[in-house]
Amino acid sequence: MKRLYFLSFILLCLVEVLQAQPALDAALLVETQRGEYFHLTIGGRLINPVPSSRVAVGDLPAGRHILHLRVLGRGRRAQNITAEVILASGYESVYVLAPTVPGRTFPLVLRKVEEVPLSRPVPPATGTESCRYVMEGPDVDRVLRFMKEEGFDDRRLEIAKGEIKLTGGIMTDDLFLLMKAITFEERRVQLAKFAYDYVCDRNKFSRVFDALEFNSSKREMQDFLYKEIR
């Protein structure tokens with residue numbers, strides 16, 4: 001009997017701990033105005049071991065966060081920036097690293113640009129939780145703008161993958177647009193394969209074939225789909 005009481009006490013404590021956990025319903029986007037590369041640390045956790053000019057972070061609790069940024073200098077010493085940000089529940093807070101004095105390249109300061117509502121809830125496509133949220137038109141336009149600003153397909157691919165993962169869901173027609181923003185077909189195939197688990201209307205997934213020109217790429221996608229359907 002004592003053992004049963006002890007187990008019940010442990011379970012009650014676990015429930016209280018889980019209920020005390022903050023909801024992860026906020027997101028953060030940090031990018032540099034002039035393309036400088038940086039490392040981002042949030043609460044002591046290094047977000048991007050590989051320096052980048054743009055870092056998106058999802059599943060964050062709303063409220064106060066301390067950011068540490070190390071901006072790599074071009075022919076000069078790196079700049080370390082510590083800043084406090086307030087993330088709003090249900091929004092992606094967008095910040096930009098821009099020159100303190102207009103017309104100069106250094107030093108940089110972190111400025112808040114906007115708050116973008118996280119995508120609206122939609123019913124799951126396959127009975128799972130993978131499509132609780134879907135990328136909307138303004139989100140797609142913003143991602144396309146970011147992709148077009150990059151000169152290399154590898155970076156465009158990483159941006160598309162990161163935004164799809166951050167949002168949690170995408171419609172096939174929007175995935176088609178992101179694929180067309182990539183030049184090399186091999187990278188388009190990689191994006192389609194990655195996005196398959198996030199597509200909310202899989203009955204229309206064959207639309208991605210229209211973004212492919214070579215028969216070899218279409219066969220590769222067909223083989224991929226056959227394995228997924230089994």
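Keep in mind that the numbers below use all heavy atoms, side chains included, and drop hydrogens, waters and symmetry copies.
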Open item on the list: Rounded to the nearest 0.5 Å, what separates atom CD1 in I47 from atom CG in L40?
Closed with: 5.5 Å

TODO: For T100, check side chain to side chain donor-acceptor pair (under 3.5 Å) against everything at least two apart and list the hits.
DONE: none

Open item on the list: As a quick check of understanding, evaluate side-chain contact (heavy atoms from CB on, under 4.5 Å) for V134 and T167, giving each step before the final call.
Closed with: CA-CA 6 Å; V134 64; T167 304; 5.7 Å; no

Open item on the list: So, using side chain to side chain contact (heavy atoms under 4.5 Å, CB included) as the criterion, who are the partners of F194 when residues are at least two apart?
Closed with: K161, I164, K165, Y198

- [ ] Go through the structure and list residues passing ring-ring contact (aromatic ring centres under 6.0 Å, His included) with F205, not counting sequence neighbours.
- [x] Y196

Task: Any residue meeting side chain to side chain donor-acceptor pair (under 3.5 Å) with E186, in chain and number order, not counting sequence neighbours - done: none

Open item on the list: Is the shortest side-chain heavy-atom distance between R187 and D154 below 4.5 Å?
Closed with: yes

Open item on the list: Per the salt bridge (Lys or Arg N to Asp or Glu O under 4.0 Å) rule, what does the pair list look like for residues 168-178, sequence neighbours excluded?
Closed with: D173-R207

Which donor-acceptor pairs under 3.5 Å do the side chains of residues 146-153 make with protein atoms, sequence neighbours left out?
residue : atom : partner : partner atom : Å
D153    : OD1  : T183    : N            : 3.1
D153    : OD2  : T183    : N            : 3.0
D153    : OD2  : F184    : N            : 2.6

Task: Value rounded to 0.5 Å, distance of CE in M171 from SG in C200 - done: 6.0 Å

Task: Heavy-atom donor-acceptor pair, H68 side chain to I81 backbone, under 3.5 Å - done: no

TODO: Please answer: with hydrophobic residues joined when any side-chain heavy atoms are less than 4.5 Å apart, are V140 and L166 in the same cluster?
DONE: no

TODO: State, with a plain yes or no, whether a side-chain heavy atom of H39 is found less than 4.5 Å away from one of L69.
DONE: no

Output a table of donor-acceptor pairs, distance under 3.5 Å, between side-chain atoms of residues 86-96 and any protein atom two or more places apart or on a different chain; print 'none' if there are none.
residue : atom : partner : partner atom : Å
S89     : OG   : D25     : OD2          : 2.5
E92     : OE1  : R142    : NH1          : 3.3
E92     : OE1  : R142    : NH2          : 3.1

Task: Stepwise side-chain contact (heavy atoms from CB on, under 4.5 Å) test for D139 and V116 - done: CA-CA 9 Å; D139 304 317; V116 181; 4.0 Å; yes

TODO: Salt-bridge test for E158 and R54: reply yes if a basic N is under 4.0 Å from a carboxylate O, no otherwise.
DONE: no

Task: F38 side chain reached by T32 side chain, heavy atoms, under 4.5 Å - done: yes

Task: Qualifying residues under side chain to side chain contact (heavy atoms under 4.5 Å, CB included), relative to A83, sequence neighbours excluded - done: L110

Task: Beyond-backbone contact of R111 with V113, side-chain heavy atoms, under 4.5 angstrom - done: no

- [ ] Find the distance between CG (L67) and OG1 (T82) and round it off to the nearest 0.5 Å.
- [x] 9.0 Å

Open item on the list: According to salt bridge (charged side-chain N to carboxylate O under 4.0 Å, His left out), who are the partners of R45, at least two apart in sequence or on a separate chain?
Closed with: none

Task: S53 and R155, any side-chain heavy atoms less than 4.5 Å apart - done: yes

- [ ] List in chain and number order the residues that pass salt bridge (charged side-chain N to carboxylate O under 4.0 Å, His left out) with K193, two or more places apart in sequence or in another chain; answer none if no residue qualifies.
- [x] E220

- [ ] Give a yes or no on whether M221 and V199 share a hydrophobic cluster (residues Ile, Leu, Val, Met, Phe, Trp, Tyr; joining criterion: side-chain heavy atoms under 4.5 Å apart).
- [x] yes

TODO: Work out which heavy atom in E163 is nearest to a heavy atom in A56; give both atom names and the distance.
DONE: OE2-CB, 4.2 Å

Open item on the list: With rounding to the nearest 0.5 angstrom, report the OG to NZ distance, S206 to K218.
Closed with: 11.5 Å

Task: Flag, side chain of Q79 to backbone of L108, donor-acceptor distance under 3.5 Å - done: yes

TODO: Please step through side-chain contact (heavy atoms from CB on, under 4.5 Å) for the pair I42 and I66, ending with a clear verdict.
DONE: CA-CA 6 Å; I42 303 178; I66 300 298; over 6 Å; no

TODO: Mind listing the closest non-hydrogen atom pair of V189 and S217 along with its distance?
DONE: CG2-CB, 3.9 Å

Open item on the list: Taking salt bridge (charged side-chain N to carboxylate O under 4.0 Å, His left out) as the definition, give me every residue that meets it alongside E115, ordered by chain and number, with sequence neighbours left out.
Closed with: K112

- [ ] Answer with yes or no whether the hydrophobic clustering places F209 together with F224; edges join I, L, V, M, F, W, Y residues whose side-chain heavy atoms lie under 4.5 Å apart.
- [x] yes

Task: Close side-chain approach of L177 and V143, heavy atoms under 4.5 Å - done: no

- [ ] Treating Ile, Leu, Val, Met, Phe, Trp and Tyr as nodes and any side-chain heavy-atom pair under 4.5 angstrom as an edge, say whether L29 and M135 lie in one connected cluster.
- [x] yes

Open item on the list: Donor-acceptor pair, distance only, cut-off 3.5 Å: does the side chain of R188 make one with the backbone of M179?
Closed with: yes

TODO: Verify, without hydrogens or angle tests, whether D201 (side chain) and N203 (backbone) share a donor-acceptor contact under 3.5 angstrom.
DONE: no

Open item on the list: How long is the straight-line distance from CD of E213 back to CG of N215, given to the nearest 0.5 Å?
Closed with: 11.0 Å

Open item on the list: Can you tell me how far apart CG (L144) and CG (L178) are? Round to the nearest 0.5 Å.
Closed with: 5.5 Å

Task: salt bridge (charged side-chain N to carboxylate O under 4.0 Å, His left out) partners of R219, counting only residues at least two apart - done: none

